[in-house]
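Worksheet: one structure, shown below.
It should be emphasised that the depicted structure is a prediction, and the values quoted were computed from it without experimental measurement.
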Amino acid sequence: MKIIQYVRFFLFKAFPISIIKLEFYRNAKYWPNLRNPQTLNEKLTWLKLNWRDDLAKQCADKSMVRKYVADQGLSDILLKSYGIFHHPDDIDFSLLPDECMIKVSHGCGQNIHYIKGHSGVLEIKRKLQKWIKESHYVDSLEWIYETKRPSILIEEFIKTDHLAPPNDYKIFCFNGKPAFLFVASDRGKNTTKFDFFDLQWNHLPVRNHYPNSNQIIKKPEKFKEMLKYASILSKPFPQVRIDFYYEKGKIYFGEMTFFHFSGNQPFEPGEWDLILGEQFVLSF
């Protein structure tokens, strides 16, 4: 599989538009119009090919984005950090708290919930050693993940009153303004749910990668604050998704994602790809 991915990557470097179009069709099931993009996926794909920004590369990195968030005066919403490392052997596990989250700065879904006395340190190190060598740029063809020195970030674990992780509120922002969001709930293997909402918290009849929840998802009491923070963090960018956690009355910053599902994940019904895309005006 890795050989196939690298062959695909080298072909992408030589023929970027052709490979991106093929990847788009393979996933989204229609050919993208990149001369006059209309759908959300088409516009994200157009950006992936035509837009570059060093600040976006910083903000896509889970370690380096912390400085950006703090520089915007929002250090209070950052999860507590227990260190940033460049090799698993640099981590002194005896100094870590009873529970924390360990993740690589350039990865996607590569997170470990560490529990002292229960988690196998050697197995964690093996995973981190493997992940730190991987390139999400090669996997996703997203230039924002092109990094010469990825890192390992260890952060505070958000405790909940239930077994599942806290809900993840993912706000799409276009030209510095929040437009809509989805909530990732019941996160886990084969259990994750996605539910889309407008800014008035009306549930939207759309599915994207995961099914809708069969539970009522309540609007966070501090939703307006969440939108305010999303506006501040998204201001320099034409498009970005700002992710937050909300638990027991506190907002926590999650991450910043510039190409949602690499800009080619189908929306169901398909008309929603266009409806959501209409809220994003490309100004290039």
Side-chain angles (χ1 to χ4, degrees), residues 27-28 40-41 44 62 77-79 99-103 107-115 118 155-174 177-231 233-234 240-257 259-279:
N27 290 286
L40 179 59
N41 277 325
L44 293 178
K62 294 177 177 63
I77 65 173
L78 287 170
L79 289 161
E99 286 187 89
C100 58
M101 293 301 297
I102 305 175
K103 60 189 76 173
C108 179
Q110 294 167 315
N111 309 314
I112 298 170
H113 177 197
Y114 172 73
I115 304 175
H118 294 275
E155 286 185 325
E156 169 186 0
F157 175 74
I158 304 173
K159 292 185 177 181
T160 67
D161 293 329
H162 44 85
L163 294 177
N167 286 352
D168 197 352
Y169 300 84
K170 300 173 177 288
I171 304 172
F172 286 79
C173 300
F174 303 131
K177 296 181 180 180
F180 58 89
L181 74 150
F182 72 90
V183 181
S185 62
D186 199 20
R187 301 291 286 268
K189 188 176 182 180
N190 301 322
T191 61
T192 301
K193 309 292 189 301
F194 280 2
D195 288 86
F196 282 75
F197 297 86
D198 63 19
L199 299 187
Q200 289 70 49
W201 209 258
N202 296 306
H203 190 275
L204 303 178
V206 57
R207 298 177 302 281
N208 181 235
H209 193 70
Y210 291 109
N212 292 161
S213 174
N214 57 10
Q215 305 292 323
I216 295 175
I217 297 177
K218 296 181 179 179
K219 181 171 70 173
E221 292 180 2
K222 295 183 179 179
F223 183 55
K224 286 186 178 180
E225 288 183 46
M226 205 179 283
L227 293 178
K228 176 184 175 183
Y229 298 153
S231 296
L233 294 173
S234 66
V240 63
R241 199 190 75 207
I242 312 289
D243 298 356
F244 300 99
Y245 300 106
Y246 183 77
E247 187 66 24
K248 298 176 182 176
K250 173 136 178 83
I251 299 170
Y252 300 92
F253 171 78
E255 61 183 67
M256 295 173 66
T257 298
F259 305 109
H260 172 70
F261 279 117
S262 205
N264 56 35
Q265 185 66 36
F267 290 88
E268 301 173 15
E271 66 197 55
W272 279 92
D273 199 355
L274 178 60
I275 293 170
L276 298 177
E278 288 173 345
Q279 299 190 54

| task | Please report the C-alpha distance between Ile171 and Phe244 in whole Å, then the side-chain angles of each, then the deciding distance to 0.1 Å, and finally whether the side chain to side chain contact (heavy atoms under 4.5 Å, CB included) criterion is met. | result | CA-CA 8 Å; Ile171 304 172; Phe244 300 99; 4.0 Å; yes

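- The two residues Ser185 and Ile217 come nearest to each other via the heavy atoms OG-CD1, 4.0 Å.
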Item to complete: Decide ring-ring contact (aromatic ring centres under 6.0 Å, His included) for Phe196 and Phe182; before the verdict, give the C-alpha distance in whole Å, the side-chain angles of both, and the deciding distance to 0.1 Å.
Response: CA-CA 4 Å; Phe196 282 75; Phe182 72 90; 5.0 Å; yes

Can you give me every donor-acceptor pair (side chain of residues 220-228, partner residue at least two apart or in another chain, under 3.5 Å) with its distance?
| residue | atom | partner | partner atom | Å |
| --- | --- | --- | --- | --- |
| Lys222 | NZ | Gly249 | O | 2.7 |
| Glu225 | OE1 | Tyr229 | OH | 3.4 |

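- Under the rule for a side chain to side chain donor-acceptor pair (under 3.5 Å), the partners of Gln265 that lie at least two apart in sequence or sit in another chain are His209.
- Atoms CD and CG, from Gln279 and Asp198 in turn, are 8.5 Å apart once rounded to the nearest 0.5 Å.
- With sequence neighbours excluded, the residues forming a salt bridge (Lys or Arg N to Asp or Glu O under 4.0 Å) with Asp186 are Lys193, listed by chain and number.
- Nearest heavy-atom pair across Pro178 and Cys173 is CA-SG, 3.8 Å.
- Looking at Glu99 and Glu156, their side chains never come closer than 4.5 Å, going by heavy atoms from C-beta outward.
- Side-chain atoms of Asn41 and Asp273 form a donor-acceptor pair, as typed in the model, at a separation below 3.5 Å.
- Note that CD of Glu255 is 10.0 Å distant from CD1 of Ile242, once rounded to the nearest 0.5 Å.
- For the pairing with Phe172, the ring pair (Phe, Tyr, Trp, His ring centres under 6.0 Å) check across Phe259, Phe197, Phe180 returns one residue only, Phe180.
- Using a 30° and 60° split on the angle between ring planes, Tyr169 and Trp201 fall in the tilted class, from 30° to 60°.
- Side-chain contact of His260 with Asn208: a donor-acceptor pair under 3.5 Å is present, judged by distance alone.
- With a 4.5 Å cut-off on side-chain heavy atoms, Leu40 and Phe267 count as touching.
- A distance of 4.0 Å separates CG in Asn264 from CG in Asn27, rounded to the nearest 0.5 Å.
- Take Tyr246 and apply the ring-ring contact (aromatic ring centres under 6.0 Å, His included) test, not counting sequence neighbours, and it matches no residue.
- Between the side chain of Lys62 and the backbone N or O of Gly107 there is at least one donor-acceptor pair closer than 3.5 Å.
- Within the 4.5 Å cutoff, no side-chain heavy atoms of Ile115 are placed close to those of Phe157.
- Residue pairs that meet the salt bridge (charged side-chain N to carboxylate O under 4.0 Å, His left out) test with at least one member in residues 240-252, sequence neighbours left out, are Asp161-Lys248, Lys170-Asp243, Arg241-Asp243.
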Derivation and outcome, side chain to side chain contact (heavy atoms under 4.5 Å, CB included), residues Tyr252 and Ile77: CA-CA 5 Å; Tyr252 300 92; Ile77 65 173; 5.9 Å; no

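- Distance OG/Ser262 to CG/Leu44: 9.0 Å, rounded to 0.5 Å.
- The CG atom of Leu79 sits 11.5 Å away from the SG atom of Cys100 when rounded to the nearest 0.5 Å.
- Contact of the His203 side chain with the Asp195 side chain is registered, since non-hydrogen atoms from C-beta on lie closer than 4.5 Å.
- Taken from CZ in Arg187 to CG in Asn111, the straight-line distance is 9.0 Å, to the nearest 0.5 Å.
- Nearest approach of Phe194 to Thr192, heavy atoms of both residues: CE1-CG2, 3.9 Å.
- Looking at Met101 and His113, their side chains come closer than 4.5 Å, going by heavy atoms from C-beta outward.
- Arg207 meets the side-chain contact (heavy atoms from CB on, under 4.5 Å) test with Asn212, Glu268; sequence neighbours excluded.
- Residues Thr257 and Val240 have side chains not in contact (no heavy-atom distance under 4.5 Å, counting atoms from C-beta outward).
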